[in-house]
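Below: the structure, in structure tokens.
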Amino acid sequence: CTDKTGTLTQNRMQIREVFIDGERHPIGDLARDHAQPPMRDALPQGALGWSGFVAAVCNTAVAEGASNHLVGDPTEVALLTFARDAGIDPELRTRIRLVDELPFDSEHQRMTSLFELAPGRFVIAMKGAPEVILDRANFLCREGIEVPLHASRRHEIEQAASDMAA
């Protein structure tokens, strides 16, 4: 997702649409029509669930107080808001064991986190610039199924990212 607004005027960002399963979706419609019940311990389902999972666990923002008010960098808060809208508990990161993390930096343009979900069961979450993530990807989730990331699909994603950033 690349379409974020409000940064300069309100010092906050909002994700307005995502590209999932080969289509652009407005966040409000997608969250209302496809969100899972709030996920606490099980793995997410489908591309929306996994996108929300990565947005929640590969994140430095936090939910504070009884109202779960989100606090942190505007980009991180926008991602955590998206995760919550996708049915992912914004505090999920605090309940799974972080094994290692490469924080975001401008040189690498990505953040990578390794979590142990259960004894011997690990997952790596990565977020960053679309071209950087795509350069490291060999597969993608399409309609809930892992498929090879062929050149045509890579181009489709690159084009969508470019269009959304314009």
Side-chain angles (χ1 to χ4, degrees), residues 1-36 38-39 43-63 69-90 92-93 101-113 123-166:
C1 44
T2 59
D3 188 12
K4 303 169 293 236
T5 62
T7 309
L8 297 176
T9 57
Q10 302 168 20
N11 194 31
R12 70 179 185 94
M13 289 185 183
Q14 178 182 10
I15 297 172
R16 296 174 57 179
E17 64 179 348
V18 294
F19 184 74
I20 291 180
D21 285 340
E23 297 180 7
R24 288 169 64 169
H25 299 272
I27 287 297
D29 295 344
L30 191 65
R32 181 188 66 241
D33 297 341
H34 301 287
Q36 315 174 45
M39 188 198 86
L43 288 178
Q45 300 297 309
L48 175 63
W50 277 106
S51 296
F53 178 87
V54 171
V57 301
C58 205
N59 200 307
T60 60
V62 294
H69 175 72
L70 302 178
V71 178
D73 174 85
T75 301
E76 302 290 286
V77 168
L79 288 167
L80 205 51
T81 299
F82 162 69
R84 183 170 49 201
D85 290 347
I88 307 299
D89 183 348
L92 178 63
R93 180 181 169 98
E101 186 168 77
L102 300 172
F104 184 89
D105 66 47
S106 58
E107 179 183 347
H108 295 103
Q109 297 184 320
R110 69 181 186 275
M111 176 182 186
T112 308
S113 303
V123 66
I124 295 173
M126 182 187 302
K127 70 174 182 184
E131 63 277 7
V132 172
I133 302 302
L134 283 171
D135 190 43
R136 284 155 181 77
N138 294 314
F139 296 90
L140 60 85
C141 182
R142 192 83 181 240
E143 297 177 6
I145 300 167
E146 185 179 288
V147 296
L149 181 56
H150 296 299
S152 61
R153 285 196 176 111
R154 187 179 304 271
H155 176 72
E156 175 186 36
I157 296 167
E158 289 169 343
Q159 186 61 52
S162 176
D163 292 348
M164 291 170 73

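Please read these numbers as outputs of a predicted model, since none were measured by experiment.
To the nearest 0.5 Å, atoms CD (E146) and CZ (F139) are separated by 5.5 Å. With rounding to the nearest 0.5 angstrom, the OG atom of S113 is 8.0 Å from the NZ atom of K127. Taking CG of D73 as the start and CG of L80 as the end, the distance is 11.5 Å to the nearest 0.5 Å. Taking CD1 from I133 and CG from L140, the interatomic distance works out to 13.5 Å, rounded to the nearest 0.5 Å. One distance of note links CG of D85 with CD1 of I27; it measures 7.0 Å at 0.5 Å rounding. To the nearest 0.5 angstrom, L79 atom CG is 4.0 Å from I15 atom CD1.
Of all non-hydrogen atoms in A56 and I88, the two that sit nearest each other are CB-CG2, 3.7 Å. Nearest heavy atoms, A86 versus G52: CB-CA, 4.2 Å. Shown here for F82 and A55, the closest heavy-atom pair between the two residues is CD2-CB, 3.9 Å. Residues V71 and V77 come closest through the heavy atom pair C-CG2, 3.8 Å. Scanning both residues, V54 and M126, for their nearest heavy atoms gives CG1-O, 3.5 Å.
Taking the charged nitrogens against the carboxylate oxygens, E101 and R110 have no contact shorter than 4.0 Å, which rules out a salt bridge. Between R154 and E131 there is no salt bridge, since none of the side-chain N atoms of the basic residue sits less than 4.0 Å from a carboxylate O of the acidic one.
Residues E107 and Q109 have side chains not in contact (no heavy-atom distance under 4.5 Å, counting atoms from C-beta outward). Taking 4.5 Å as the limit, some side-chain heavy atom of L48 sits within range of a side-chain heavy atom of I20. When side chains are defined from C-beta on, E156 counts as touching R153, because their heavy atoms get closer than 4.5 Å. Residues Q14 and T81 are not in side-chain contact: their nearest non-hydrogen atoms beyond the backbone lie 4.5 Å or more apart. At a threshold of 4.5 Å between non-hydrogen side-chain atoms, the residues F53 and V123 count as touching. Contact of the T60 side chain with the M111 side chain is registered, since non-hydrogen atoms from C-beta on lie closer than 4.5 Å.
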| said: Is there a side chain to side chain contact (heavy atoms under 4.5 Å, CB included) between E17 and H25? Walk through the geometry before answering. | reply: CA-CA 5 Å; E17 64 179 348; H25 299 272; 5.9 Å; no
| request: Step by step, work out the side chain to side chain contact (heavy atoms under 4.5 Å, CB included) result for L149 and N138. | output: CA-CA 5 Å; L149 181 56; N138 294 314; 5.7 Å; no
| request: List the steps and the verdict of side chain to side chain contact (heavy atoms under 4.5 Å, CB included) for I157 and L134. | output: CA-CA 8 Å; I157 296 167; L134 283 171; 3.7 Å; yes
